[in-house]
Amino acid sequence: MAFEFGKEVCRAAFDGGDTPKVSYGLRFPEATLRHCEDVFSKSKIYIICSGSLARNTDALDRLRSALGDRVAGVRVGIDPHTPLTQVLEVIRDAKEHEVDCLVTLGAGSLTDGAKIVRFALANSASTMEDLDTLWGNTQSNPKFREKVHKPTVPLIHIPTSLSGGEYQAIAGGTESQSNAKRTFYCGGVNPELVIQDPELCITTPQWVWLSTGIRAVDHCVETLCSLVSNEKGDECSRKALPKLISGLLQCMNDPSSLRAHHLCQQGVVDAMAAVSSGVPLGASHAIGHQLGPLGVGHGETSCILLPAVCKFNLKMQANVERQAAVRDLLMQQSEVQDICKARTNTLSTFDLGDVLDAVISTLQMPRYLEDVKVSTDNISTLAKNSLDDIWIRTNAFPITEEAQVREILAMCMRR
């Protein structure tokens, strides 16, 4: 998949949906200006930029220069896990400047933050009490308001990781007092546009790029291994996996490759198309959600948990045929075969968990809880909290007991 700048490609990210659109082929300042000026006709643009990008690169300066006097305000940095106190600061600032378009430059918490900001603006929410009426739904939140207005302010994401959150309406934010992570469905309205710029992504620390790429792999694997998957989810996952694995391995070997970074970004589009098909995910995501508040990045949780969850489900004989099909799909790639052959003389004994372990280890990503400074003292809380996640029971083998979570976590610790 060759890549060069010069001509923009702009298309719907998902079949059957108008949003988000995905754009590539132009450098991000030019693409942002084109869409703000010609497509959305907006003149009061609010930029939310990653702190590391603002400090370590000229990306923010380039974007501000391109947009000129259309820039109404700028926020630099939102802390990990999107503290709602900081989101409120942005809401109030954006409201004061009467912004008519939001642009994020970077990834992670600010992506979720921007989605919550425009949801709040549409619903005149400017206090913590107001936000407390917008998370979840009528079933999960007794304070959820009767009438919710859909966001109308256009949202443009310029991502620098492979997490994929910029392709969907859902956002997470953390309450400071309770440290509870709240899910906002944001009126079901996806962001309007995702601008892909592989040159910009070369500035991303490699561990962030590769680990978030494994997060996208996790989306695909748990979709394909689900016992309630659907044809669309399976098809998109099968398209995404070869792009992601090949792209990540190429990025590992050549961190400056535009082609490899573009291949990864295209793989994420397919992975998020699989997520949008509505297939419930499994224990890797469920337990991973509880690792996040312990300071572990989303991508790192997948690096540690996904092989172990596959091993657990295989032991329970839950999805043997589906795991075998995913293993065979991965082994069709010569680079994956070479990685696995370096570990064993009998490839026939390698199951899906083994193949994933080999790939993730080759990418030099963390494989154990100790690698991310999570100790045995946290296991009890992790196991208990994981049982509250919606995806723990949609695991291929439904998990209902703390002991089952502990069994998976035991595989994620050095022996």
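This is a predicted model, so every value here is computed, not measured.
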Participant: Using only atom types and a distance under 3.5 Å, with no angle test, would you say the side chain of S50 pairs donor to acceptor with the backbone of S52?
Facilitator: yes

Participant: Determine the interplanar angle of the H262 and F3 rings, folded into 0 to 90°, and report it as parallel if under 30°, tilted if 30 to 60°, perpendicular if over 60°.
Facilitator: tilted

Participant: Any chance you could measure E222, atom CD, to N313, atom CG, to the nearest 0.5 Å?
Facilitator: 8.0 Å

Participant: Is it true that R75 and D93 have a side-chain N and a carboxylate O under 4.0 angstrom from each other?
Facilitator: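 No, R75 and D93 are not salt-bridged.
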
Participant: Nearest 0.5 Å, what's the CG-CG distance between L53 and L60?
Facilitator: 8.5 Å

Participant: Is any NZ, NE, NH1 or NH2 atom of the basic residue among D112 and K115 found under 4.0 Å from an Asp or Glu carboxylate oxygen of the other?
Facilitator: yes

Participant: Is any side-chain heavy atom of T394 closer than 4.5 Å to a side-chain heavy atom of S226?
Facilitator: no

Participant: In a check of side chain to side chain contact (heavy atoms under 4.5 Å, CB included) between W135 and each of L131, D132, T133, which one passes?
Facilitator: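 Answer to the side chain to side chain contact (heavy atoms under 4.5 Å, CB included) test with W135 among L131, D132, T133: D132.
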
Participant: Specify whether F14 and Y167 have parallel, tilted or perpendicular ring planes, treating 30° as the upper limit for parallel and 60° as the lower limit for perpendicular.
Facilitator: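 Ring orientation of F14 relative to Y167: tilted.
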
Participant: For the residue pair F40 and H35, does the interplanar ring angle fall in the parallel (under 30°), tilted (30 to 60°) or perpendicular (over 60°) class?
Facilitator: tilted

Participant: Can you label the angle between the W391 ring and the H285 ring as parallel, tilted or perpendicular, going by 30° and 60°?
Facilitator: perpendicular

Participant: What's the spacing between D130 CG and R145 CZ if we round to 0.5 Å?
Facilitator: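 Between D130 CG and R145 CZ, I get 6.0 Å after rounding to 0.5 Å.
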
Participant: Looking at R343 and D354, is there a salt bridge between them, counting it only when a charged N and a carboxylate O are closer than 4.0 Å?
Facilitator: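 Judged by the 4.0 Å cut-off on N to carboxylate O distance, D354 and R343 do not form a salt bridge.
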
Participant: Working to the nearest 0.5 angstrom, can you tell me the gap between Q323 CD and L356 CG?
Facilitator: 8.5 Å

Participant: Does R322 use its side chain to pair, donor to acceptor, with the backbone of L224 at less than 3.5 Å?
Facilitator: yes

Participant: Show me the pairs that pass salt bridge (Lys or Arg N to Asp or Glu O under 4.0 Å) and involve residues 19-37, at least two apart or across chains.
Facilitator: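 Passing the test, one end in residues 19-37: E8-R34, R27-E199, E37-R70.
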
Participant: For the atom pair NZ (K311) and CG (L352), what is the distance rounded to the nearest 0.5 Å?
Facilitator: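 Spacing of NZ (K311) from CG (L352) equals 9.5 Å.
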
